[in-house]
Novice: 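One structure coming up, written as structure tokens, with questions to follow.
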Amino acid sequence: MIQKQKIGASKGLGRICLWNRKMIEAGFPIGQRITIYDAGADLIIIKPDDGGKRKVSGVMNHGKQLPVIDLKQTKAVNIAKLGGIGDMVLVEISFGEITLAKCKS
């Protein structure tokens with residue numbers, strides 16, 4: 001699944017919040033530990049990792065629980081390389097991997 005998503009803001013810094021049922025099918029259920037990789041100038045990759053420091057959280061939406069990965073600009077996660085607040089990023093969800101890339105247009 002490929003979609004475009006807008007970079008939001010949290011305390012004046014970039015934030016990307018992913019929540020979608022397709023994440024469960026791709027191996028990112030609620031509670032799954034993950035690792036976030038800085039994969040080049042305009043790419044962030046998220047993979048399931050049982051030894052990862054972060055984990056997929058959840059939210060209730062219309063009576064159904066959905067997995068959530070909330071990425072905020074930190075020293076460890078450089079959201080700014082994908083664009084500024086209000087810019088669009090390309091999100092690709094496939095089995096075992098979520099890729100966030102800077103939109104070219």
Novice: Let me see the working for Y37 and I44 under side chain to side chain contact (heavy atoms under 4.5 Å, CB included), right down to the final yes or no.
Specialist: CA-CA 6 Å; Y37 299 95; I44 293 174; over 6 Å; no
Novice: Do you know the tightest heavy-atom contact between A26 and S94?
Specialist: CB-O, 3.4 Å
Novice: Which residues pass the salt bridge (charged side-chain N to carboxylate O under 4.0 Å, His left out) test with D87, sequence neighbours left out?
Specialist: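 With sequence neighbours excluded, D87 shows a salt bridge (charged side-chain N to carboxylate O under 4.0 Å, His left out) to no residue whatsoever.
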Novice: Can you tell me which residue pairs pass the salt bridge (Lys or Arg N to Asp or Glu O under 4.0 Å) test with a partner in residues 15-37, sequence neighbours excluded?
Specialist: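 Residue pairs with at least one partner in residues 15-37: R15-D70.
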Novice: Linking I/L/V/M/F/W/Y whenever their side-chain heavy atoms sit closer than 4.5 Å, directly or via other members, would L18 and M88 fall into one cluster?
Specialist: no
Novice: So, do I16 and V89 sit near enough that their side-chain heavy atoms are less than 4.5 Å apart?
Specialist: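 Result yes, sub-4.5 Å side-chain heavy-atom pair found.
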Novice: Going by heavy atoms in the side chains, are Q3 and N20 under 4.5 Å from each other?
Specialist: yes
Novice: Has S10 got a side-chain atom pairing as donor or acceptor with L13's backbone, closer than 3.5 angstrom?
Specialist: no
Novice: May I have all residue pairs that pass salt bridge (Lys or Arg N to Asp or Glu O under 4.0 Å) and include part of residues 43-69, sequence neighbours excluded?
Specialist: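 Counting only pairs at least two positions apart or across chains, the salt bridge (Lys or Arg N to Asp or Glu O under 4.0 Å) contacts touching residues 43-69 are K47-E97.
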Novice: Mind checking side-chain hydrogen bond (donor to acceptor under 3.5 Å, both in side chains) for N61 and listing every partner two or more places apart, or none if nothing turns up?
Specialist: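 N61 satisfies side-chain hydrogen bond (donor to acceptor under 3.5 Å, both in side chains) with no residue once adjacent residues are dropped.
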Novice: Hey, quick one: are I34 and V91 part of the same hydrophobic cluster, counting side-chain heavy atoms closer than 4.5 Å, chains of contacts allowed?
Specialist: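 Same hydrophobic cluster.
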Novice: Taking atom CG of L100 and atom CD1 of I93, what is their separation to the nearest 0.5 Å?
Specialist: 9.0 Å
Novice: Is a side-chain donor or acceptor of Q73 paired with a backbone partner of A80 at a separation under 3.5 angstrom?
Specialist: yes
Novice: Group every Ile, Leu, Val, Met, Phe, Trp and Tyr by side-chain heavy-atom contacts under 4.5 Å, then state whether M1 and V68 land in the same group.
Specialist: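 They do not share one cluster, since no chain of ILVMFWY contacts under 4.5 Å joins M1 to V68.
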Novice: Please tell me whether V77 and I69 are part of a single hydrophobic cluster in this structure, the criterion being side-chain heavy atoms less than 4.5 Å apart.
Specialist: yes
Novice: Taking all non-hydrogen atoms of both residues into account, name the closest pair between P48 and G96 and its distance.
Specialist: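 Here P48 and G96 meet closest at CD-O, 3.2 Å.
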Novice: Return the CD1 to OG1 distance between I46 and T35, rounded to the nearest 0.5 Å.
Specialist: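 Atom-to-atom, I46:CD1 and T35:OG1 are 10.5 Å apart.
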Novice: Once rounded to the nearest 0.5 Å, what's the spacing between atom CD of Q5 and atom SG of C103?
Specialist: 10.5 Å
Novice: By side-chain contact (heavy atoms from CB on, under 4.5 Å), which residues pair with P67, not counting sequence neighbours?
Specialist: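 Per chain and number, P67 pairs via side-chain contact (heavy atoms from CB on, under 4.5 Å) with M23, I24, I30, V56.
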Novice: Mind checking what makes side-chain contact (heavy atoms from CB on, under 4.5 Å) contact with A39, not counting sequence neighbours?
Specialist: L43, I45
